[in-house]
Structures are given as C-alpha cells and as structure tokens.
Amino acid sequence: MKKIQKMHVHELVSQEIQNYIQESKLRAGDKLPSVEELARMFGVGRSSLREALRYLEAIEIVRVENGKGIFVRDVDIFRFSGKIKVENEKRFLLCILDVRRALEGKAIELAAKRITPAQLEELATCVKEYRKMKESGLDTSEIDLAFHRQIIKVASNPILEGMIESIADLYKKFFQEPLGNKHLFDATYPFHLTMFDAIAANDPDKALVELNKHMDCLEELIKSVL
C-alpha cells in the first residue's frame, strides 16, 4: 500500500495555481491575478501564497516581476506525465541546493570557528544518534535535518539563521522523501561524519570542503534520478 504523503499549504496552493492556468487557458507571458486576488480566490494567507509562488518560480512555471505582477512563464510544463513531474522537482531541488551551498557554506565556517564545548557535545550526540539509526536501517531523515539545523544554530548569526528559516518548507524537501524516495540521499551519510570532525577540529576551511563534497553528492544524486 502506497504511503499517503502529507502536503503543506503552499504545495496545495501551487497545484491550484497550476490548475487555474490550465483552466483559464493562459499562455506564456499572460498575467495572473495579483497576490491579493489569488489569496482571496484560494482562501489562504499571503505568506502561503508567496511560498507557492517561490516554488513555481523555482520550477519555471511563473515569473514574478516587482511592481508589474505575476506572469506565466512556460505552459508546456503542463504535460502531465511522470517524467515531466520528476524533471520539475529535480529542477526545484537543484535551485534550492544552490541556496543551501551559499547559506550553509557560511554557516559551517562560522560553526567551526565559534562552537563551544557544550555545543560540540550536543553535535556529537546528534552524530552518534545518526550513526545508530543508520546502522539499524531506520529512517534518518529527521536526524539528518537536526544535524544541519544544529550547525546553523552554532554559527550564532541570527540573520543567517533567519534567512534559512524563511525558506524552511522548501529546505525540508531534501529530508521529506525527495523525488518520492526517503532513502535517496543515504549516500551522503559519510560526509556528516567528516563535517563533524572538521568542526570539532575548529578547521573552517576543511569544514567547507567537506560540506561542498556533501553538496556535490546531493547534486549528482538528484541528477541521476530518471
């Protein structure tokens, strides 16, 4: 029996916007209603609507021009085949991966410089739990997410942390059955150990190198999905 996946509000809204484009027979370049109008149409808050629009921009269905409006970017995307859906999500994950490289790259450098003994002990506990779950064949998505969040917290930069939190729902796509496979990124596990070792050694350069290896592995795994 296939598991029923939980959907966030912005995911439902993004589907409704795509349905609206189809039903209204809009073409590339056509303008959609304003944010306020769309929010009223779908009965959702502006924050959920903006999150949905960010997602649709990432997969190149719409473009948002400040002061001008929201425009349809590509109508060919609405050929509802499994391959098209996979390509959409792959493109989305790769776009978010670029953002992760930038934000987490700085976060891990700062964490390696600033981590306290107490914080290092907390991170070590997280790594031990990760290893234990991995060796037991359990789902490690939540502990994986916890590991990255701890690094961001240790960086001790509230603005950086706030920027990552602002895309929290998009960020979680890497940990909640990406491309329908919750084990897709299992191969990245060793890099969590090497990232931890670099942070423990207070070596920001090595920490960044290991993070980039981790991100390169993620990129290859995403691109490999057919």
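Since the model is a prediction, treat every value here as computed from it, not as a measurement.
Under the 4.5 Å side-chain criterion, counting only non-hydrogen atoms from C-beta, Ile21 is in contact with Ile61. Put simply, the side chain of Ile199 does not reach to within 4.5 Å of the side chain of Val154, judged on heavy atoms. Looking only at side-chain heavy atoms (C-beta outward), Glu16 and Val44 stay at 4.5 Å or farther from each other. Two residues are said to be in side-chain contact when any heavy atoms from C-beta on lie closer than 4.5 Å; Leu49 and Arg46 fail this criterion. Using a 4.5 Å heavy-atom threshold, the side chains of His214 and His148 count as touching. Between Val35 and Val64 there is no side-chain heavy-atom pair separated by less than 4.5 Å. By the 4.5 Å heavy-atom criterion applied to side chains, Lys31 and Ile70 are not counted as neighbours. Using a 4.5 Å heavy-atom threshold, the side chains of Leu97 and Met215 count as touching.
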Just distance, no hydrogens or angles: give the donor-acceptor pairs under 3.5 Å from side chains in residues 119-131, sequence neighbours left out.
| residue | atom | partner | partner atom | Å |
| --- | --- | --- | --- | --- |
| Gln119 | OE1 | Thr116 | N | 3.0 |
| Gln119 | OE1 | Thr116 | OG1 | 3.3 |
| Thr125 | OG1 | Glu121 | O | 3.0 |

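Not a single ring-ring contact (aromatic ring centres under 6.0 Å, His included) links Phe191 to another residue, sequence neighbours left out. Under the rule for a side chain to side chain contact (heavy atoms under 4.5 Å, CB included), the partners of Lys68 that lie at least two apart in sequence or sit in another chain are Glu65, Phe71. Taking the salt bridge (Lys or Arg N to Asp or Glu O under 4.0 Å) definition, one finds that Glu23 meets it with nothing, sequence neighbours left out. In this structure, the side-chain hydrogen bond (donor to acceptor under 3.5 Å, both in side chains) partners of Glu51, at least two apart in sequence or on a different chain, are Arg54. Looking at residues two or more places apart in sequence or on another chain, you find a side chain to side chain contact (heavy atoms under 4.5 Å, CB included) between Ser34 and Glu36, Glu37. With sequence neighbours left out, Glu135 forms a side-chain hydrogen bond (donor to acceptor under 3.5 Å, both in side chains) with no residue at all. Checked against side-chain hydrogen bond (donor to acceptor under 3.5 Å, both in side chains), Glu109 has the following partners two or more places apart in sequence or in another chain: Lys106. Looking at residues two or more places apart in sequence or on another chain, you find a side-chain hydrogen bond (donor to acceptor under 3.5 Å, both in side chains) between Asp216 and Arg101.
A side-chain donor-acceptor contact under 3.5 Å links Glu104 and Tyr171.
Contact between Leu160 and Asn157 at its shortest, heavy atoms only, is N-OD1, 2.9 Å. Heavy atoms only, all atoms of each residue included: Pro33 and Leu38 are closest at O-CD1, 3.5 Å. Closest of all the heavy-atom pairs between Lys90 and Ile222 is CE-O, 3.2 Å. Ile17 and Ala52 get closest at one heavy-atom pair: CD1-CB, 4.4 Å.
Every pair passing salt bridge (Lys or Arg N to Asp or Glu O under 4.0 Å) that includes a residue from residues 191-209 is listed here, sequence neighbours excluded: Lys206-Glu210. Sorted by first and then second residue, the salt bridge (Lys or Arg N to Asp or Glu O under 4.0 Å) pairs involving residues 139-161 (not counting sequence neighbours) are Arg149-Glu165. Within the structure, every pair that satisfies the ring pair (Phe, Tyr, Trp, His ring centres under 6.0 Å) test and touches residues 31-66, not counting sequence neighbours, is listed here: Tyr55-Phe92.
Looking only at distances, no side-chain donor or acceptor of Arg73 sits under 3.5 Å from a matching main-chain atom of Arg63. Side-chain atoms of Asn202 come within 3.5 Å of backbone atoms of Ala112 as a donor-acceptor pair (strictly under, hydrogens ignored). Using a distance-only test at 3.5 Å, with no hydrogens or angles considered, no donor-acceptor pair links the side chain of Asn212 to the main chain of Val209. Judged purely by atom type and a 3.5 angstrom limit, Ser136 has no side-chain atom pairing as donor or acceptor with the backbone of Met133.
Expressed to the nearest 0.5 Å, how far OG of Ser14 lies from CG of Leu53 amounts to 9.5 Å. Rounded to the nearest 0.5 Å, atoms CD1 (Ile159) and CD1 (Ile164) are 12.5 Å apart.
Around atom CE of Met163, no more than 12 heavy atoms belonging to other residues, nucleotides or ligands sit under 6.0 Å away.
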With side-chain contact (heavy atoms from CB on, under 4.5 Å) as the criterion, how do Ile143 and Leu138 come out once you've worked through the C-alpha distance, each side chain's angles and the decisive distance to 0.1 Å? CA-CA 11 Å; Ile143 196 69; Leu138 300 174; over 6 Å; no

Evaluate Phe196 against Leu193 for side-chain contact (heavy atoms from CB on, under 4.5 Å), listing each step before the verdict.
CA-CA 5 Å; Phe196 170 78; Leu193 305 182; 5.7 Å; no

Worked check of side-chain contact (heavy atoms from CB on, under 4.5 Å) between Phe174 and Leu145: CA-CA 9 Å; Phe174 280 87; Leu145 176 58; over 6 Å; no

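Under the 4.5 Å side-chain contact rule for hydrophobic residues, Leu93 and Leu103 share a cluster.
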